[in-house]
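Residue numbers count from 1 along this sequence.
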Amino acid sequence: MYQDDLGAVGHEAFVLHGELKKRADIAGAGADKNGSGSTMRAAAELRSHDLGLGAELESTIEVWTSQVKHVLQACAHISNHLDFSEKLYAEEDAKIAAEIRGRTGTLPVSVLNDYFN
């Protein structure tokens, strides 16, 4: 994989993280002044009328929130790892290029094959 590819995938993971964080927060969506989201308020309202659906809705929100957090962590890990890898490979490429140039001056590409035989 080329460095640009690593950077592009890392960037997409970063973008996905940001979009997912904004759009997948059903617990906090429509939050009131107390920070309670509209879905959680609906669940509480259902529970206050002794409807089992309220507890199920709360449970759904908790599971969803947990799963979204795991995906967010994975996106962050992928983004950070690929950013690190891209920089590491760039540094390694620079070292190799400097080493090749430093031995006998710049080597033409046609001569490089001689080093692999």
Side-chain angles (χ1 to χ4, degrees):
M1 186 176 274
Y2 297 104
Q3 294 167 19
D4 291 343
D5 295 337
L6 293 175
V9 173
H11 176 71
E12 289 302 317
F14 177 78
V15 169
L16 177 60
H17 180 277
E19 288 298 312
L20 187 61
K21 191 171 184 176
K22 281 192 294 191
R23 298 174 189 256
D25 182 14
I26 63 171
D32 62 10
K33 63 183 177 186
N34 298 321
S36 180
S38 59
T39 308
M40 285 302 278
R41 289 194 312 273
E45 184 67 24
L46 291 167
R47 284 186 84 164
S48 72
H49 293 301
D50 295 324
L51 296 171
L53 182 59
E56 296 302 321
L57 186 54
E58 284 179 0
S59 176
T60 300
I61 292 167
E62 289 170 4
V63 170
W64 174 262
T65 300
S66 173
Q67 294 299 314
V68 167
K69 285 180 182 178
H70 284 91
V71 173
L72 287 171
Q73 288 173 347
C75 288
H77 180 74
I78 290 167
S79 177
N80 291 340
H81 179 72
L82 291 178
D83 285 346
F84 172 79
S85 296
E86 179 185 25
K87 290 174 187 165
L88 179 65
Y89 290 142
E91 290 170 8
E92 288 296 316
D93 286 350
K95 285 179 190 174
I96 292 168
E99 187 176 307
I100 290 172
R101 279 192 304 271
R103 285 193 181 145
T104 56
T106 303
L107 287 174
V109 174
S110 60
V111 176
L112 287 176
N113 283 333
D114 295 342
Y115 288 94
F116 296 110
N117 291 329

Indicate, with yes or no, if Ile61 and Leu72 share a hydrophobic cluster defined by side-chain heavy-atom contacts under 4.5 Å among Ile, Leu, Val, Met, Phe, Trp and Tyr. yes

Within one Ile-Leu-Val-Met-Phe-Trp-Tyr cluster: Val9 and Val15, side-chain cutoff 4.5 Å: no

Tell me which donor-acceptor pairs under 3.5 Å the side chains of residues 30-43 have, and how far apart each pair is, sequence neighbours excluded?
{"residue": "Asp32", "atom": "OD1", "partner": "Asn34", "partner atom": "N", "Å": "3.0"}
{"residue": "Asp32", "atom": "OD1", "partner": "Gly35", "partner atom": "N", "Å": "3.0"}
{"residue": "Asp32", "atom": "OD1", "partner": "Ser36", "partner atom": "N", "Å": "2.9"}
{"residue": "Ser38", "atom": "OG", "partner": "Ala29", "partner atom": "O", "Å": "3.3"}
{"residue": "Arg41", "atom": "NH1", "partner": "Gly30", "partner atom": "O", "Å": "2.9"}
{"residue": "Arg41", "atom": "NH1", "partner": "Ser36", "partner atom": "O", "Å": "2.5"}
{"residue": "Arg41", "atom": "NH2", "partner": "Gly30", "partner atom": "O", "Å": "3.3"}

Rounded at 0.5 Å granularity, tell me how far [atom1] in [X] sits from [atom2] in [Y].
| X | Y | atom1 | atom2 | answer |
| --- | --- | --- | --- | --- |
| Cys75 | Glu19 | SG | CD | 11.5 Å |
| Leu16 | Lys21 | CG | NZ | 13.0 Å |
| Ile78 | Gln73 | CD1 | CD | 12.0 Å |
| Asn80 | Phe14 | CG | CZ | 9.5 Å |

Contacts satisfying salt bridge (charged side-chain N to carboxylate O under 4.0 Å, His left out) that involve residues 42-60 (not counting sequence neighbours) are Arg47-Glu58

Between Trp64 (side chain) and Ala24 (backbone), is there a donor-acceptor pair under 3.5 Å? yes

Please report the shortest heavy-atom distance between Ser79 and Gly10, naming the atom on each side. OG-O, 3.2 Å

